[in-house]
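Comments concern the structure below.
Counting begins at 1 with the first residue of the sequence. Quick caveat, the model's predicted, so the values are computed rather than measured.
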Amino acid sequence: MRPIATVGPDPTPAKAPTREHVADTWARLATATKDPDLTREALRRLYERAGQRIKRRELDGARDDLRRMLELDADSAEASAGLGALALAQSDLDGALAALDRAIALKPTLAEAHRDRSVVLIAGMDPAGAVAACSAALALEPDDHQLYVHRAMAWLAGSDFSRALIDFDTAIRRWPDEPAAYLAKSTVLLARQDTQGALDMCEAGIARQPENGAAYLQRATAHAARADLDGALADCDTAILLLEAPSAGHAQKGLFLAAAGLLDEALAEYQRAIDADPAFVPAYFSRACALSLAEIEGTIVADLERAMAAVPQYRHLAAIAPELGWAREHVPAVRHLLGGTD
């Protein structure tokens, strides 16, 4: 890449640019010069920052980065992949799938697009398609341990526990210091009622990455399966402190409280989840369930409308979830929403 010319030293001292601002600098230079090398570097940096912002659930900032990428290159496969990840973060499965399909059409070797497509297909209840997407990503990036974990979760979504365990164990054997496979394997063990084994896997994952908030949420699930409510709640509190986006921690804590019959406390946690991130859809569905259990109409209808608009699969769950039994029987608007009559 050619050096960037300067117009002479700035007589006033300036702070070093942060990583956040460096991407903006590259984008401005690429826009001004139309230089291909500068454009490629700007696209790389904007893509990287958009991904970081999505992880932190700074979705507006991520959307701005992706828009700027498209201004630099309307056919950027990475921008399309980023839009897919953004849509996935907003639980827009149809939008995510469309964007990721476009990314793959533009650049079939973009492994992260195949990976994220597998996540969408798992959420869309297409485990076979998710396995195929993960396998495509693994063919491109055979040394990415996370892809084995993703494919194992796809096998698990299809109730193929044996193949899931093979992929988990492969990841653990090849990358023993990486926590993801230990934590994800605990999911299979919980499904097999091996709560002690699941807890052991969570401990192994946390030992390797003690600052991983998601690890504590997984261990909280293992504690709950062992009827250890105090342990589960304590791990949720730790996760809330560690997670950059704490909504998942509040929502999971709400689930444990609701299961224990502590509905007022559960509703408070769901509200905290929504306050932290109004786009965190699972909290709306869970709050509707808790209100129904408490036999309070409250925001049930609005919460279900919000959840189903973002994730159509919630309609099926709302029709069968036992927690919503009271709402289906006593709230005519819920019956109407689910396709019944008033």
Min side-chain heavy-atom separation D65-Y47 under 4.5 Å = no
Spacing of CG belonging to D126 relative to CG belonging to L121, to within rounding of 0.5 Å = 5.0 Å
Can the positive tip of R208 be found less than 6.0 Å from the middle of the six-membered ring of Y182, inside 45° of the ring normal?
-> yes
First locate atom CH2 of W326, then atom CD of E297, and finally report the distance between them rounded to the nearest 0.5 Å.
-> 6.0 Å
Is there a path of hydrophobic side-chain contacts, each under 4.5 Å between heavy atoms of I, L, V, M, F, W or Y residues, that connects L267 with V331?
-> yes
Heavy-atom closest pair (A77 atom, L106 atom, distance to 0.1 Å) is CB-CB, 3.8 Å
Flag the pair R63 and D60 as a salt bridge only when some basic side-chain nitrogen lies within less than 4.0 angstrom of an acidic carboxylate oxygen.
-> yes
Should D169 and K185 be marked as a salt bridge (Lys or Arg N to Asp or Glu O under 4.0 Å) after you check the CA-CA gap, both sets of side-chain angles, and the distance that decides it?
-> CA-CA 8 Å; D169 289 339; K185 184 178 178 180; 2.8 Å; yes
Ion pair check, R102 and D75, cut-off under 4.0 Å | yes
Using a 4.5 Å cut-off on heavy atoms from C-beta on, say whether the side chain of L88 contacts that of L100.
-> no
Is there a chain of hydrophobic side chains (I, L, V, M, F, W, Y, each step under 4.5 Å between heavy atoms) that links L317 to M308?
-> yes
Looking at G325 and S292, what are the two nearest heavy atoms and their distance?
-> N-OG, 4.1 Å
Would you find a donor on one side and an acceptor on the other, under 3.5 Å apart, between the side chain of Q252 and the backbone of L217?
-> yes
Please examine the side chains of E78 and L43, heavy atoms only from C-beta on, and report whether any two atoms are closer than 4.5 Å.
-> no
Before giving the answer on salt bridge (Lys or Arg N to Asp or Glu O under 4.0 Å), spell out for E48 and R45 the whole-Å C-alpha distance, their side-chain angles and the decisive distance to 0.1 Å.
-> CA-CA 5 Å; E48 179 181 272; R45 289 175 180 269; 6.0 Å; no
Spell out, yes or no, whether Y148 and I166 are grouped together once hydrophobic residues are joined by side-chain heavy atoms under 4.5 Å, including indirect joins.
-> no
Are R115 and E112 ion-paired here, with the side-chain N under 4.0 Å from a carboxylate O?
-> no
Pairing of D143 and R174 as salt bridge, 4.0 angstrom limit | yes
List the atom of A154, the atom of A130, and the distance in Å for their closest heavy-atom pair.
-> CB-CB, 3.7 Å
Using the side chain to side chain contact (heavy atoms under 4.5 Å, CB included) rule, take D200 and Q196 through it: C-alpha gap first, then chi angles, then the decisive distance, then the call.
-> CA-CA 6 Å; D200 291 344; Q196 183 59 56; 2.9 Å; yes
Between the side chains of E269 and S286, does any donor sit under 3.5 Å from an acceptor?
-> no
Side chains of S135 and R151: donor-acceptor distance under 3.5 Å anywhere?
-> yes
Does the side chain of L70 reach to within under 4.5 Å of the side chain of L83, using non-hydrogen atoms?
-> yes
Please test D160 against V131 for side chain to side chain contact (heavy atoms under 4.5 Å, CB included), starting from the C-alpha separation and ending with a verdict.
-> CA-CA 11 Å; D160 193 333; V131 167; over 6 Å; no
If you round to the nearest 0.5 Å, how far is CD of Q218 from SG of C202?
-> 5.0 Å
Treat each ILVMFWY residue as a node, draw an edge where side-chain heavy atoms are under 4.5 Å apart, and state whether L165 and W175 are in one component.
-> no
Audit row: L183, N212, side chain to side chain contact (heavy atoms under 4.5 Å, CB included) steps and yes/no = CA-CA 11 Å; L183 297 168; N212 181 352; 3.9 Å; yes
Residues S80 and A99: closest non-hydrogen pair is O-CB, 3.5 Å
Should P282 and Y314 count as side-chain neighbours, where that means a heavy-atom distance under 4.5 Å?
-> yes
Flag the pair E203 and R219 as a salt bridge only when some basic side-chain nitrogen lies within less than 4.0 angstrom of an acidic carboxylate oxygen.
-> yes
Are L242 and I206 co-members of a hydrophobic cluster defined by side-chain heavy atoms under 4.5 Å apart?
-> yes
Minimum heavy-atom separation for G84 to A96, with atom names?
-> O-CB, 3.4 Å
From CD1 (I122) to CG (L156), nearest 0.5 Å | 8.5 Å
Contact check, side chains of I300 and V334, non-hydrogen atoms, under 4.5 Å | yes
Would a 4.5 Å heavy-atom cut-off, applied to side chains only, mark L190 and T195 as touching?
-> yes
Got a sec, which pairs hit ring-ring contact (aromatic ring centres under 6.0 Å, His included) with one end in residues 223-251, sequence neighbours left out?
-> none
When rounded to the nearest 0.5 Å, the distance separating CZ of R173 from OG1 of T170 is 4.5 Å
For atom NE2 of H316, is the number of surrounding heavy atoms from other residues, nucleotides or ligands below 6.0 Å larger than 12?
-> no
How long is the gap from CG on L304 to SG on C289, to the nearest 0.5 Å?
-> 7.5 Å
Grab the two heavy atoms, one from V188 and one from F168, that are nearest each other, plus how far apart they are.
-> CG2-CE1, 3.3 Å
Could you check R272 against I240 for side chain to side chain contact (heavy atoms under 4.5 Å, CB included), going step by step and ending with a plain yes or no?
-> CA-CA 11 Å; R272 292 185 184 105; I240 289 166; over 6 Å; no
Short question: side chain of R335, backbone of R328 - any donor-acceptor pair under 3.5 Å?
-> yes
Does any non-hydrogen side-chain atom of V149 lie less than 4.5 Å from one of D167?
-> no
Kindly say whether A133 contributes a backbone atom to a donor-acceptor pair with the side chain of S118 at under 3.5 angstrom?
-> no
Go through the structure and list residues passing side chain to side chain donor-acceptor pair (under 3.5 Å) with Y284, not counting sequence neighbours.
-> R306
Just by distance, do the side chain of H114 and the backbone of P108 share a donor-acceptor pair under 3.5 Å?
-> yes
